[in-house]
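Remember, predicted model here, so these are calculated numbers, not experimental data.
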Number of protein chains: 2
Amino acid sequence: MSDAVSAMDGTSITVAGRLALAIHEHRLPPGTKLIEDEVGEIFGVSRTVVRSALQQLAHDRLVTMQKNRGAHVAQPTIREAREVFEARSLLEPRTARSAAARSTPTDIARLQAHIDEEHLAIHAGDSGRALRLSGLFHVEIARIADQDTIAAFIAQLVARSSLIIALYWQKRTALCESHAHDALLRALADGKAGLAEDLMKGHLLDLVSSLDLRGAAAAPTSLKDALRP
Amino acid sequence: MSDAVSAMDGTSITVAGRLALAIHEHRLPPGTKLIEDEVGEIFGVSRTVVRSALQQLAHDRLVTMQKNRGAHVAQPTIREAREVFEARSLLEPRTARSAAARSTPTDIARLQAHIDEEHLAIHAGDSGRALRLSGLFHVEIARIADQDTIAAFIAQLVARSSLIIALYWQKRTALCESHAHDALLRALADGKAGLAEDLMKGHLLDLVSSLDLRGAAAAPTSLKDALRP
DNA sequence: GTGCGCAAGACTGTATACAACTTTGTGTTC
DNA sequence: GAACACAAAGTTGTATACAGTCTTGCGCAC
């Protein structure tokens, strides 16, 4: 346990981290207005710090800021959703391949522990935590590939994916996709680079196809489009 | 001409843009200390705005900020340099492929105009501007591919590449690589997706091999490593 | 009753003020 | 003369204050 975020002083990184965590775990739904005074009071810091945190999140596209109109938890459009997964499909499969070629027993053990935690969270019914761990798994793979720059991109894309899932997930595919993670771990452990790449590619395709990205959807249509028919 | 950045009021986006431009054009060398009061006075804004701008740039890795020790123009390490070009090699070739498949005559005309400007800047001896335009070319291709998310990543990577070039470029390859851009444009215009992908891959490889990324280099070694032998 | 205009409230954008930290220069002691 | 301690200058971290903008609710005219 113990997120790197939890035990620090009131700096903006921490506030940003706490907010990001809440967004990632679907405790702050897309569209929620984030009032600076309010957030500041919750965390016991001034608006200065909150503002800095919100700007960081806006830079990661987890929050949108409009001049004089405040900050809201982002509502990725369908187009943006497609773009996010397009970017992931360019970055992650080949990164998984590199990871398979470089992974050490220590890496594999840590990944295994990570997967165990995922299962635990799922069985405990903590779907928010499960979702977040499931995303972190992808970042971990980039770390194993020893590519911090790519890992940072993937971390951002994973966070945005969490918002996309909140908006466009269709429940029918309730079976959590942790099987895919198990298979990936095995491919990494065995050093099967090509297989790891293919598995990751397939995993991402599965993810996209579990979303409803046909235009008619219900969620982010900002009031103007929502009230037509 | 007329950068989108130039004519605006004193918001932090503008300050960040102006600073980024200066970094991109090698007018602010890596390692330069950016004192908040000083920058604020130059742009006629308060430290609040400057701070916000610096944080944005830090998020893009153009600037490093250490607690209580201020902001400096970043000095990418050799490792980071490799990572940046690794990320580019994952994103750009396949994005060039998409662009070739989608490009319209309007796109091609705009790209051609862009390249003409590049040549102009080179012949005018304005190497800073030439460098920046040359980077923007890569972003434009992602825009033609209609992938704003990927374009944003590439924009960041291109900006960081500018710092990397400032640190590790070996002058001997003085011939500016605008031939590569010409060839790419032709591939896009002809809709030759596979060729565009290959050309981009080769172009990036050429770029990397024009750098001196052997560990012994002179530049970013922060004093501690610099004073060993 | 409907529509317009205006005023109050709420929130954001920016500047300024103060506290805390880091660095640098000076003086004292051994 | 060298090393340490301390003081002063400079810079950042955070809070607060004020100005500007958007929203909303009320009242007045038609």
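The separation between Met65(A) atom CE and dG13(C) atom C1' is 10 Å, rounded to whole Å. For Phe43(B) and dG13(C), the CZ to P distance is 20 Å, given to the nearest whole Å. The CZ-P distance, from Arg47(A) to dA17(D), rounds to 12 Å in whole Å. Atom P of nucleotide dG13(D) and atom CZ of Arg51(A) are separated by 17 Å, given to the nearest angstrom. Rounded to an integer number of Å, the gap from CD of Gln66(A) to P of dC11(C) is 16 Å.
A salt bridge (Lys or Arg N to Asp or Glu O under 4.0 Å) check over residues 81-91 of chain A, counting only residues at least two apart or in different chains, returns the pairs Arg79(A)-Glu83(A), Arg88(A)-Glu92(A). Among residues at least two apart or in separate chains, ring pair (Phe, Tyr, Trp, His ring centres under 6.0 Å) pairs with a member in residues 51-71 of chain A are His59(A)-His59(B). Legend: ring pair (Phe, Tyr, Trp, His ring centres under 6.0 Å) pairs involving residues 16-39 of chain B, not counting sequence neighbours: none detected.
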Could you write out each protein N or O paired with an N or O of nucleotides 5-11 of chain D at a distance under 3.5 Å?
none

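Remark: Asp206(B) pairs with no residue by the salt bridge (charged side-chain N to carboxylate O under 4.0 Å, His left out) rule, at least two apart or across chains.
Listed pair Thr48(B) / dT14(C) fails the phosphate criterion, with no side-chain N or O lying under 4.0 Å from OP1 or OP2.
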Show me the side-chain donor-acceptor pairs of residues 34-42 of chain B shorter than 3.5 Å, one per line, residues at least two apart or across chains.
unit_1: Glu36(B); atom_1: OE1; unit_2: Arg47(B); atom_2: NE; d: 2.9
unit_1: Glu36(B); atom_1: OE1; unit_2: Arg47(B); atom_2: NH2; d: 3.0
unit_1: Glu36(B); atom_1: OE2; unit_2: Arg51(B); atom_2: NH1; d: 2.6

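Under the 30°/60° scheme for interplanar angles, the aromatic rings of His114(B) and Phe137(B) are found to be tilted.
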